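Inspection log for the structure reproduced underneath, given as structure tokens.
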There are 2 protein chains.
Amino acid sequence: MLNNSQYIEKLRSSGLRPTKQRIKICEVLFNTEKTFHFTINELVKKISKSTNDKISLATVYNTIHAFKNKGYLKEIPINSDQSYFDTNTSHHHHFYDESQRDLIDIDEADVEPVKIYTRIPGKKIKSVEVLVKVEDDKS
Amino acid sequence: MLNNSQYIEKLRSSGLRPTKQRIKICEVLFNTEKTFHFTINELVKKISKSTNDKISLATVYNTIHAFKNKGYLKEIPINSDQSYFDTNTSHHHHFYDESQRDLIDIDEADVEPVKIYTRIPGKKIKSVEVLVKVEDDKS
DNA sequence: CAACAGTTTAGAACAGTTATAATGTAGAAA
DNA sequence: TTTCTACATTATAACTGTTCTAAACTGTTG
Ligand SMILES: [Mn+2]
Ligand SMILES: [Mn+2]
Ligand SMILES: [Zn+2]
Ligand SMILES: [Zn+2]
């Protein structure tokens, strides 16, 4: 739940001018009670529903990538079909429901911190992500 | 390190007839000292190097997918650029070197088993995968 | 060996993503 | 406020990895 001047700040700090298209994208992404996961296609649909103006795909991709680079969005690797993004940028893990093709957050407190007893010389750890794939109980 | 009759068995049990193209693919995949990770593109290059016959892309994709479905290969979710596969089908985790775009196995013994204290009603866990992204130490 | 079901293949089609270049606009300067 | 310019938007083309197609080919079975 943010107001316009906060969107403008988010855009400026991502190196983007605050245009009306980008502010609309911000509203859809950040003016929500809860964080959520999305594909670009789903986001574009959400945007069309919430405005009469049409925003081009290129603008959506550009804005999403700028936010991702700035750390205002995370990309979640699921498979190679399409990109999944997350408006929850805190450190957390995921269930992936393969039947529903649905990503679900796992609260940080619900996962024992992952301990890794080996390193790669000359490399430092950037992130540790756990993906728990689930399916219908009966199947 | 397997012999031809073992490849034939792998193919048959995957629902595929043992043709010479598919046996060549088996050799490249399974006739190695160590397991390895690959993209389809890398695999096709490896195949061309090890034979004079050309094997079509469609045959490679079909065979890889049959092996994946049967569990003789695993797909590792990294990003949406392309699919990464693994001839190591045992339960293990990965480092992903973002500078080198390189996947590296983490030995099962080098990761504390991941404990998850929450479940999704009606769903059962299919897999738990840890991806540790690393980058050059200086950067 | 004949017959057929399954296989290979080149290339087309497709989907997601990125690039292009003409037109439009935000914001700064005058 | 008007003018100017760097940056943004857009439609659409290009690109890339993957899947599909349909004709030619081959392994297998009788
Ligand atoms: Mn996939
Ligand atoms: Mn990506
Ligand atoms: Zn999440
Ligand atoms: Zn591996």
Side-chain angles (χ1 to χ4, degrees), chain A residues 4-5 7-28 37-48 51-70 73 75-85 101 103, chain B residues 4-5 7-28 37-48 51-70 73 75-85 101 103:
Chain A
N4 262 38
S5 69
Y7 300 149
I8 290 170
E9 180 43 33
K10 266 199 154 77
L11 288 164
R12 286 235 160 85
S13 60
S14 306
L16 299 174
R17 281 189 188 167
T19 64
K20 68 176 190 300
Q21 290 89 342
R22 288 171 175 164
I23 286 171
K24 171 52 70 180
I25 293 171
C26 284
E27 283 171 11
V28 173
H37 307 102
F38 64 91
T39 63
I40 296 290
N41 241 333
E42 292 165 352
L43 182 66
V44 167
K45 277 185 210 156
K46 234 178 181 174
I47 291 168
S48 337
T51 181
N52 290 316
D53 313 346
K54 174 182 182 325
I55 298 182
S56 83
L57 199 55
T59 297
V60 175
Y61 271 106
N62 291 341
T63 307
I64 294 307
H65 283 141
F67 282 161
K68 182 196 155 189
N69 291 338
K70 182 66 183 180
L73 292 173
E75 191 174 358
I76 313 294
I78 297 295
N79 60 41
S80 300
D81 298 344
Q82 63 209 120
S83 293
Y84 282 74
F85 294 91
R101 300 190 131 238
L103 262 181
Chain B
N4 263 38
S5 69
Y7 300 150
I8 290 170
E9 180 42 33
K10 267 202 153 77
L11 288 164
R12 287 235 161 85
S13 60
S14 305
L16 299 175
R17 284 189 187 167
T19 64
K20 66 175 191 302
Q21 291 90 343
R22 288 171 175 164
I23 286 170
K24 170 53 70 181
I25 294 172
C26 284
E27 284 171 9
V28 173
H37 308 101
F38 62 92
T39 63
I40 297 289
N41 241 333
E42 292 165 352
L43 183 65
V44 167
K45 278 186 208 155
K46 235 178 179 174
I47 291 168
S48 337
T51 182
N52 291 317
D53 313 345
K54 175 182 183 321
I55 299 182
S56 83
L57 198 55
T59 298
V60 175
Y61 271 105
N62 291 341
T63 307
I64 294 307
H65 282 141
F67 282 162
K68 181 198 157 189
N69 292 337
K70 182 66 182 178
L73 291 173
E75 191 173 357
I76 312 294
I78 297 295
N79 60 42
S80 299
D81 299 345
Q82 66 211 114
S83 293
Y84 282 74
F85 294 91
R101 302 190 128 238
L103 262 181

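Quick caveat: nothing in here was measured; it's all calculated off a predicted structure. Naming convention: chains lettered A, B, ... in sequence-line order (proteins, then strands); numbering from 1 in each chain.
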N-O pairing of A/Glu42 and A/Lys45 below 4.0 Å: no

Rounded distance (Å) that lies between atom P of C/dA15 and atom CG of A/Asn41: 10 Å

Under-4.0 Å side-chain N/O to phosphate OP1/OP2 contact, B/Thr39 with D/dG17: no

5'-most by nearest nucleotide on DNA chain D - B/Pro18 or A/Ile55: A/Ile55

Between A/Thr59 and A/Gln21: side-chain donor-acceptor atoms closer than 3.5 Å: no

Touch class at under 4.0 angstrom, heavy-atom based, for A/Thr59 against every strand present: base

Parallel, tilted or perpendicular: ring planes of A/Phe38 versus A/Phe85, cut at 30 and 60 degrees: parallel

A/Gln21 side-chain N/O to D/dT10 phosphate OP1/OP2 under 4.0 Å: yes

Euclidean distance, atom CG of residue B/Asn79 to atom C1' of D/dG17 [Å, nearest integer]: 12 Å

Phosphate OP1/OP2 of C/dT18 contacted by A/Tyr61 side-chain N/O (<4.0 Å): no

Sugar-phosphate, base or nothing in reach of A/Leu57, heavy atoms under 4.0 Å: base

B/Arg22 side-chain N/O to C/dT8 phosphate OP1/OP2 under 4.0 Å: yes

Atom-to-atom span, CG of A/Asp81 to C1' of D/dG17 - whole angstrom: 11 Å

Proximal nucleotide (of C/dG27, C/dG6, C/dT9) relative to the B/Arg17 side chain: C/dG6

Phosphate-side-chain proximity, A/His65 and C/dT18, N/O vs OP1/OP2 below 4.0 Å: yes

Ion pair A/Glu27/A/Lys24, N-O distance below 4.0 Å: yes

Value in whole Å for how far the C1' atom of D/dT9 lies from CD1 of A/Ile23: 15 Å

Length of the line joining A/Asn62:CG and D/dT12:P, which is rounded to integer Å: 18 Å

Phosphate contact (C/dA10 OP1 or OP2) by B/Lys54 side-chain N/O below 4.0 Å: yes

Rounded interatomic separation in angstrom, taking CZ from A/Phe85 and C1' from C/dG16: 11 Å

A/Ser14 side chain to A/Leu16 backbone, donor-acceptor under 3.5 Å: no

D/dG27 OP1/OP2 closer than 4.0 Å to side-chain N/O of B/Arg12: no

Candidate nucleotides D/dT9, D/dC20, C/dG27, ranked by approach to the side chain of B/Ala58 - the nearest: D/dC20

Atom pair distance, as rounded to whole Å: CG in B/Asp53 and P in C/dT7: 19 Å

Between C1' of C/dT17 and CD of B/Gln82, the distance in whole Å: 14 Å

